[in-house]
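As structure tokens, the structure follows; a few thoughts come after it.
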Amino acid sequence: MADNTNSKEINSFQKRKNKIEMQKQLITFALMILFTIIAFVIVATGTMEKMFLIPVILVLAVIQVAFQFYYFMHMKDKGHETPALMIYGGIWAAILTIVGLMLLVWW
Amino acid sequence: MKGWMGKFKGLFLLGSLALVLSACGQENLTALEPKGYGAEKALDLIILTTVVMLFVLVIVMLIYTAVLLRYRKKKGQENYIPKQVEGNKALETIWTVIPIILLIIIAVPTVTATFDLADETGASDHLNIQVTGNQYWWHFNYEGQEIQTSQDLYIPAGEKVYLNMKSSDVIHSFWVPSISGKMDVNPENENTMFIEAYEEGVYWGKCAELCGPSHSLMDFKVVVVSQEEFDQWVEDMKNVDPKAQPQDAVAQEGQALFQENNCMGCHAIGSSPAAVGPNLTNFGSRSKIAGILEPTKENLVRWIMDPEEIKPGNKMTGNYPDVSEEEADKIAEYLLQLEPSEITPEDAGK
Amino acid sequence: MSHDHSLNPETMPHEPEKATLEGKNKFLGFWFFLGGETVLFACLFGTYLALRNSTAGGPSTNDLFGLELVFIMTILLLTSSLTSVYAMYHMKNNNFKKMQLWLGITALLGFSFLGCEIYEFTHYIHEYDFTFRSSALGSAFYTLVGFHGGHVTFGLLWLIALMVRNAKRGLNLYNAPKFYVFSLYWHFIDVVWVFIFTVVYLMGKVG
Amino acid sequence: MSIAATQNRGFGAVLWDYLTTVDHKKIAHLYLFGGGFFFLLGGLEAMIIRIQLMKPENDFVSAGFYNEVLTMHGTTMIFLAAMPLILSLMNAVVPLQIGARDVAFPFLNSLGFWLFLFGGLILNCSWFLGGAPDAGWTAYAPLSTTSPGHGVDFYVLGLQISGAGTLIAGINFLVTIINMRAPGMTYMRMPLFTWTTFVTSTLILFAFPALTIGLFLLMFDRLFGSAFFDVSLGGNAIIWEHIFWIFGHPEVYILILPAFGIFSEVIATFAKKRLFGYTAMVFATILIAFLGFMVWAHHMFTVGLGPVANSIFAIATMAIAVPTGIKIFNWLATLWGGSITINSAMLWSLGFIPTFTIGGMTGVMLASVVADYQYHDSYFVVAHFHYVIVGGTLFGILAGLHYWWPKMFGRILDEKLGKITFWIFLIGFHLTFFIQHFLGLMGMPRRYWVFLEGQGLDTGNLISTIGAFLMAIGVILFLANVVITAVRGEKVEDDPFDGRTLEWATASPPVHYNFKQTPLIRGLDPLWIEKTDGNGKITPAEPVGDIHMPNGSFLPFMMSLGLFIAGFGFIYQVNYNWAYILLFGGMGILLACMLIRSVKDDLGYHITKEELEREAD
Ligand code: HEA
Ligand code: HEA
Ligand SMILES: [Cu+2]
């Protein structure tokens, strides 16, 4: 089991790295809030054609979710290859499921 | 000793082939002697795919037998260690590519036939029939014709007929093997399929989706008659007088009993769409009672006395007052003379 | 070799959640679980999308939904996602007190979210007579959103159990993975919510 | 804890040991007995089916009861027999094959088993509580939502509970295989059974949540008045079909892939050859799993999805023949040039090849949409899936049991009896199911309580029934073999079959910590490499040191019991208010156990170096 040698206390290099990471996460958060507001506003004001509106808010949602996964949940970091693989597997099955249920239920 | 394992399989195949040749099952029921467009298309594909599959099977079995004959551990060589082969690119490519080609050979006709059978463009030029699946009986409503029948579906030979199918309760599936493949009858979506029967005859239809205890008894018939006979049948059915008095006295009593017991609450005679129970307009000409029993009076009496014994879980049981055997007999007499048309299953050839 | 090293708060590695084999297993296992949850919610979304117009004569989504409350709920949950990021930040710096503080805030935000959701549901039921049983849409709506709410509730119970249990003893290699895995769960709940507000509420408003 | 020690302990102690064990080898025994029990039950139901269909218009059982038997046969066989038996072999073998001391989550491993068992029990309680489910194992709505009585409710809760157990087992194996391989065991050195376990677990991970949701929807409709499948309130029954098959098709690959893995091991061992085309085998497995998610609608060709959807799904389905074919030919190539020993394990594997090939081919024939309009829901389909499930999965399980029995129990199954069993079962099997292809085409739909006289179906059905009796004899012989072996079976050394993979490098049965020293892996077939290039012993990767072991726990049993009780609560709250006591009580037990598990530190214990050295003597 990994016994640690160098970590009687958190060293300052590590602390700095954590801080930079945190700043990135803050920026991500700001963007997420922004996207949310955009999505709500375009729906509330009804300024956009429905044909465009739905893809736009879906794309906004997908970007937000990518932020959550990659920044908040660290999927961009090392050691997350298998988690990423499994999440993409899940998304693959999820897309098939949703497309199937949307298109092949009423006719 | 194991050599005969391969041979054993071979024997099996031969035996079964013999079986196919000697007996394809009951005429007008089996899918192996098609009498209609859909069934013919299906059989073409069945034969094509079987041939391709047999080809593959033969190859597999050849290698298999060869392996078992040649590479069993030999006496005196107990310690022989074979060469540890990792693989072989060329071989592996071959057995990836050849199956792909074989699959294309069957995929193309499959897709073509699928689109062919799903074609509904000509529907409005042809006879359209509304098919309703019910726990455990079938109802047919000839669209635009004011004709309603149950259990026996009359269609003209050599004509495309479009069936618009929907269920009133659970999912059923409409299957007349020798005329066409099946189509599910769903409660929320209407399905359309066409059938075209080549020859006159009475064809067995079956429900092919588990729908309750009497699923296996939900048979029906497709009565294929010539175009002239069909036209006459339509004419006769349109002119039915639901109130008509039967000739003989017993039947008249039966008719009275039929009214008294409120049988009309569920059943209809004539083109009224009441559809809790089967429409009885041409009951006397039906090829079977309840889809399965020979159309004799004894059987009908049995049915009226205790339908549960014949079709467990049916919706008639318990929904009418008890009738005595005598009364049932009279009702049966009445019902069996409901023959508004001269065109009956007997006219459908055989 | 002493066997209780994993309980010693002094030895805090860079990634405490993955410092032991147990931790690594938990980390990976939980990610996989989330992969499965993706399909779980996909089925609910699919069902909802298939039934979104099945009002059976009752109110439609456009009649029902108000955007203000949903917006507030969204902000609450998004923020709680950030606060749990802060908690993990402090965990990595081995600052247990601050971690607990941020987790506490996360819990508070979570409870407010849940409160709004309960209010929303009762509102629909009383004002519109729109229930779980009134139409297929009702069933699909309450099931999808309710499953998410159920996840939030379970998450809150879990979080409180974790915080209370470890309040006295602080952070160590045995419980660090547990906190970390919780934070993953909480983010995932947020992910689901992003799709719920987009697919259910915003698209429901557009029709 | 050697065998001798186990035998000397009292019955109570052994029972308690099994109730609380988290050792993967004991859990393998539990799965074996649980799954075996349900297999007999499912087989008994199959016999009832066959007796009823022995002659036309038979009245051996009533219509309603037939539907119950047929539903329970399918459900039991798939969820409670085949999958647990596979999980038994996975548990027994996979940690050994990768050189691990246990699985990643021993506690969850045991929880998975108890959930399966209690789920199965709940399902079978329905027999005594007003009737079993009767809507087919596919439980199509609205038949399932309107089926009277509580039968389908038992189906829903039983599968929900045991499904949760399977999902847990899947995640467990994934993590075990990723994180706990011995040093040097790269992915491309993993034995194929480990590979197929890995891929199967992925399938479980993505397929079972769909079943979970499907069952929830069904449960809400039946027990809580929702309207998912109620057409009058805008519901749609096709949704159930999609969700069921989105789960259901991957499920059939969950059943077959581990069997593929078993055959790969058995064939390589007894041909004394390295598996031909190992890399291709691995990628074929992955490809099958991947494609397996895109073909579900081939069960719904006749639903009316339209020609576009039907064509797409038909082509995707056919594509699966390619990777499967790669496997078949690779097995043949492995045999080619080998020095083949034919014993019982090998017989089942050799019997599998032609049988499964036929089954797979009828599968491709089914994928041919328009032809499927004829085949669908007829006995042709019944024949297809018994060829692949019995001829693939069940043969695989039997091959695996004969092969690994010595590893699991330290005794070898009787060879002579094993061979007789095989031949009787094989002949019975083909008699039963080959003819059913023709019955289907001759117009016999499946799920038919009776077939009518005079439709040309009599002879075929009679032959089929005779075959089923032969299969039953086969099964009984196998049971006899197990009993005889247990009583006076031959004890074996560690490596009776001249094995190639790591599990043969430990004792038979293995000590509870599996390996005293974690092995160092130098290539594919590590033991074989050491036998041919080394001294026949695996090199250890670490010095003898303390071994960390997990503690046993009674909580998994209690948690599953809690769900079991709550299950009855859910079912009966419809009729009686007191059932809420069961519902909340059961859930309370579950949550309390979860809380205990969460707050009580469970750090396991250590076997010290000294103890290890002492035990070695
Ligand atoms: C272990 C379980 C298992 C397996 C492995 C399979 C494998 C396959 N199945 Fe099967 N199937 C079931 C279990 C299984 N099935 C069950 C239980 C049902 C019914 C469920 C119910 O309704 O109750 C069913 C039903 C079913 C249907 C629906 C039928 C209907 O209801 O109308 C279809 C349709 O396409 C189908 C197709 C296939 C195909 C194409 C494969 C392929 O994977 C087969 C691939 C294998 C081969 C093809 C053989 C080897 C290949 C070669 C030697 C190479 C060369 C070959 C060619 C070029 C063809 N299956
Ligand atoms: C793993 C899966 C599996 C297995 C192994 C089997 C095994 C068998 N099945 Fe299978 N079967 C299914 C899965 C399986 N089946 C499924 C999914 C369905 C569809 C259900 C549905 O439509 O919903 C089905 C449906 C089905 C039907 C169609 C029913 C119908 O549509 O009406 C038939 C009919 O012949 C049948 C027969 C058999 C037979 C004879 C065996 C034999 O191989 C069984 C051999 C075993 C034995 C014979 C046991 C012998 C032991 C004893 C008798 C001793 C008993 C003693 C004690 C209990 C102490 N099965
Ligand atoms: Cu399938």
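What you are looking at is a predicted structure, and each value in this text was computed from that prediction instead of being measured. Computed from heavy atoms alone, side chains included, the values below leave out hydrogens, waters and symmetry copies.
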Given a strict heavy-atom distance threshold of 4.5 Å, which part of D:Glu241 is in contact with chain B: side chain, backbone, both, or neither?
-> side chain
Checking B:Asp169 against chain D: side chain, backbone, both or neither under 4.5 Å from a heavy atom?
-> backbone
Would you mind checking which part of D:Tyr375 comes under 4.5 Å of any heavy atom in chain B, side chain (CB onward), backbone (N, CA, C, O), both or neither?
-> both
Which bit of B:Gln135 comes within less than 4.5 Å of chain D, counting heavy atoms only: side chain, backbone, both or neither?
-> side chain
What part of B:Lys83 is in contact with chain D, defined as an atom under 4.5 angstrom from a non-hydrogen atom: side chain, backbone, both or neither?
-> backbone
Name the member of B:Ala113, B:Ala39, B:Gly181 that forms the most heavy-atom pairs with chain D at distances under 4.5 Å.
-> B:Gly181
So what's closer than 4.5 Å to chain D heavy atoms on B:Val185: side chain, backbone, both or neither?
-> neither
Any side-chain donor-acceptor pair under 3.5 Å between B:Gln84 and D:Arg500?
-> yes
Side chain, backbone, both or neither: which part of D:Asn330 has a heavy atom under 4.5 Å from chain B?
-> both
Between B:Glu188 and B:Lys166, does at least one N-O distance fall below 4.0 Å, as a salt bridge requires?
-> no
Relative to chain D, which of B:Asp44, B:Ile106, B:Asp116 shows the most heavy atom pairs under 4.5 Å?
-> B:Ile106
Which answer fits D:Ile315, side chain, backbone, both or neither, if we ask what part of it has an atom under 4.5 Å from a heavy atom of chain B?
-> side chain
Heavy-atom contact with chain D under 4.5 Å, split by part of B:Pro187 = both
Under 4.5 Å from any heavy atom of chain B - which part of D:Thr146 | side chain
What part of D:Ala284 is in contact with chain B, defined as an atom under 4.5 angstrom from a non-hydrogen atom: side chain, backbone, both or neither?
-> neither
Region of D:Ala268 in contact with chain B, defined by heavy-atom distances below 4.5 Å | neither
Part of D:Trp331 within contact of chain B (heavy atom distance under 4.5 Å) | neither
Hey, which of D:Gly456, D:Ser339, D:Ala63 has the most heavy atom pairs under 4.5 Å with chain B?
-> D:Ser339
Between D:Leu332 and chain B, which part of the residue has a heavy atom less than 4.5 Å away: side chain, backbone, both or neither?
-> both
Using only heavy-atom distances, determine whether the side chains of B:Lys221 and B:Ser287 contain a donor-acceptor pair under 3.5 Å.
-> no
D:Phe329, part contacting chain B, at a heavy-atom distance under 4.5 Å | both
What part of D:Val450 gets closer than 4.5 Å to chain B, counting heavy atoms only: side chain, backbone, both or neither?
-> both
Counting heavy-atom pairs under 4.5 Å to chain D, which of B:Gly313, B:Ala66, B:Gly38, B:Pro177 comes out on top?
-> B:Pro177
Between the side chains of B:Ser173 and B:Asp184, does any donor sit under 3.5 Å from an acceptor?
-> yes
Measuring heavy-atom distances to chain B, does D:Asn236 have an atom under 4.5 Å in its side chain, in its backbone, in both, or in neither?
-> both
Given D:His376, D:Arg447, D:Met300, D:Gln374, the one with more heavy-atom pairs under 4.5 angstrom with chain B than any other is D:Gln374
Counting only heavy atoms closer than 4.5 Å, note whether B:Ile98 contacts chain D via side chain, backbone, both or neither.
-> neither
Let me know if D:Ala333 has heavy atoms under 4.5 Å from chain B in its side chain, its backbone, both or neither.
-> side chain
Checking D:Leu275 against chain B: side chain, backbone, both or neither under 4.5 Å from a heavy atom?
-> backbone
